[in-house]
Amino acid sequence: HRRRRDVDAVADDVGGDQDVELAPGELLDDLAAGRRGQGAVQDADPARPVACHFEVNDAVESGEAAAGLALAATFHPRRADDGHIAASGAGTLDVAADLSVGYGGDGTLAIAGGAVVSDYSGEIGYTIDSTSGAHGSASVDGAGSAWHHAYELYVGYGNGTLDITSGGTVTDAFGYIAYFAEFPGRSTGTVNVDGAGSTWTTDGTLHVGDSGDGALNVTNGGAVTSGEGHLGSDFDSTGAASIDGTGSSWTNFGFFYVGNEGDGTLDVSDGGAVNSFGSFAYIGYSSASTSIATIDGAGSLWTNGNGLYIGFDGSGTLRLTNGGALSSGFFANVGFSPGSSGTVEITGAGSRFDNAGVLSIGGNVSEAGGTGLLRIADGGEADASAINIWSTATLEIGSGAAIATPTLMIDGALGLSGGAATLDGDLSMMPLATTRVALPAGDEASLAITGAASLAGALTVDLAGAVAGTY
């Protein structure tokens, strides 16, 4: 029979500013580090912070656990509550219900040296309003160190930070960064996954910026895996993800939103990788969303298994720069719905958009829709089974641009600037199409076509520096 202590006993042992040592195998009904309220840590001096530190180095079980817990009914706004729970070495902490890090006060959780913490749900920075200075911070560091959640993980229900480093592991069913739309104020959350072997796995949906401002940073070979991925989930939220460095990755097996109801930003750089294998991926899904994805640098790659929308009902931009690439397995629609706008920019040697299906700018495979722009220059390349430039869209081709497609249909605007470009395939200019050729002084513009060319519509030539005369 193992000894059991409840939160009252812990409070009696702690008083203020003391440490509690948990005996091997000891059971706690509730574990609270830095908790203020009835039956918890009290201090006679209302100006003195309460600081409690729990060290877990063996097996410990608890009904609920909290680091930095302040009950609203008795919380003194001039006092700081600081709580710390540390699990290291062979330590394990099993929490039957919720583990809150920074519940109305400042709390930290440190898992290192192969320790394992498990709970039903976890909250980092848990506040129901913008309590001044309240923050939760958790770290999972080192191979074998793990934090497992049977259900949900919230990083920034108020304000929270999670660091997964040097081979640490976090798992959950649903993940939220910056969950709560606080009033007054705004929830914020940041998750950093750094180093080879460092992983965060969410079986269901991972929300980065659910109702607040969320950030996900994956660096130096870290990896994130989720069912669905949402950047900027709800209205007025913002979600940003940075996947940087060779081996760094974020893999999604469901719908992937760079800007759902809110605004999303995706940056993939220096050899990082994003994979979206669900039915569809979106940049700028709703009409309220203005979102952007940038794939920059040689080896940086976004692999999309199926359909891609850039500006579904909102505004979406995709930039492939300096050797960055996107490979999409099905159709891609840029500026899909009436009222939407979509932009694709492909610039720099090695920058490439490979689309196994039809690439439609300003609509879809069969008709025009919103406003679309495809800009290719400076060695950028686009490859698709067919490319449609609808009446609401523009294709801008600059020096070194390369297009490979069996058929390029233009019903909108074609712009050619200085330098040579190539089209490997047929060109079909529709009767309402417009072509504008802009020639810098002393330069030329050309489009070499390997297939057949059907030319119609209007042609305008802008001659920079030209003098009056006949040409």
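All heavy atoms count here, side chains included; hydrogens, waters and symmetry mates do not.
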Under a 3.5 Å threshold, yes or no: a donor from one side chain and an acceptor from the other, between [X] and [Y]?
X	Y	result
N252	S226	yes
H230	N260	yes
S121	E152	no
D194	T165	no
S366	N364	yes
D296	S269	no
S233	H207	yes
H148	T171	yes
T201	T199	no
S287	D313	no
S139	D163	no
S327	W302	no

Any pair counted as salt bridge (charged side-chain N to carboxylate O under 4.0 Å, His left out), so long as it reaches residues 366-377, sequence neighbours left out |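 Every salt bridge (charged side-chain N to carboxylate O under 4.0 Å, His left out) pair that includes a residue of residues 366-377, provided the two are not neighbours, is E345-R375, R375-E396.
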Within the structure provided, determine whether [X] and [Y] are in side-chain contact (heavy-atom separation under 4.5 Å).
X	Y	answer
L395	I403	yes
T321	T294	yes
D119	Y151	no
D234	D210	yes
V334	L359	yes
D270	T246	no
F280	F330	no
M429	L414	yes

Sidechain N-carboxylate O distance under 4.0 Å for R319, D267 = no
For N159, which of D213, T188, T190 qualifies under side-chain hydrogen bond (donor to acceptor under 3.5 Å, both in side chains)?
->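 Testing N159 for a side-chain hydrogen bond (donor to acceptor under 3.5 Å, both in side chains) against D213, T188, T190 leaves exactly one candidate, T188.
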Between [X] and [Y] (side chain of the first, backbone of the second, donor and acceptor by atom type, cut-off under 3.5 Å), is there such a pair?
X	Y	answer
N306	G278	yes
S289	S286	no
T450	G425	yes
D98	S100	no
S300	G271	yes
T392	G362	yes
S198	G167	yes

On a heavy-atom basis, which atom in [X] and which in [Y] lie closest, and how many Å separate them?
X	Y	value
I346	A382	CD1-CB, 4.0 Å
I387	T405	N-OG1, 3.7 Å
A173	T202	O-CG2, 3.5 Å
S291	G284	CB-N, 3.7 Å
N304	L308	ND2-CB, 3.7 Å
I449	A452	CG2-O, 4.3 Å

Start with the C-alpha gap between L318 and I283, add the side-chain angles, then the distance that decides, and say whether side chain to side chain contact (heavy atoms under 4.5 Å, CB included) holds.
-> CA-CA 8 Å; L318 170 66; I283 305 174; 4.2 Å; yes
Working to the nearest 0.5 Å, report the span between [atom1] of [X] and [atom2] of [Y].
X	Y	atom1	atom2	result
S428	I410	OG	CD1	8.5 Å
T317	I292	OG1	CD1	5.0 Å
I397	L423	CD1	CG	7.5 Å
I361	M409	CD1	CE	10.5 Å
N217	D244	CG	CG	9.0 Å
L374	T343	CG	OG1	9.5 Å

Could you check N388 against V358 for side chain to side chain contact (heavy atoms under 4.5 Å, CB included), going step by step and ending with a plain yes or no?
-> CA-CA 8 Å; N388 298 323; V358 177; 3.6 Å; yes
Can you list the steps and then say if L231 with L266 is a side chain to side chain contact (heavy atoms under 4.5 Å, CB included)?
-> CA-CA 8 Å; L231 294 170; L266 174 65; 4.1 Å; yes
Should we count CZ of F277 as having more than 12 external heavy atoms under 6.0 Å?
-> yes
Just grab all the ring pair (Phe, Tyr, Trp, His ring centres under 6.0 Å) pairs involving residues 391-438, residues at least two apart or on different chains.
->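 Qualifying pairs: none.
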Aromatic ring proximity F331/Y309, centre distance under 6.0 Å = yes
Audit row: I310, V344, side chain to side chain contact (heavy atoms under 4.5 Å, CB included) steps and yes/no | CA-CA 8 Å; I310 303 169; V344 174; 3.6 Å; yes
Residue of the set V218, L153, N192 for which side chain to side chain contact (heavy atoms under 4.5 Å, CB included) holds with W200 | L153
Exactly one candidate in V170, T92, L93 meets side chain to side chain contact (heavy atoms under 4.5 Å, CB included) with V117; the answer is L93
Assign the ring pair [X] / [Y] to parallel, tilted or perpendicular, where the plane angle (0 to 90°) is split at 30° and 60°.
X	Y	result
W250	F256	perpendicular
F312	Y285	parallel
Y179	Y176	perpendicular

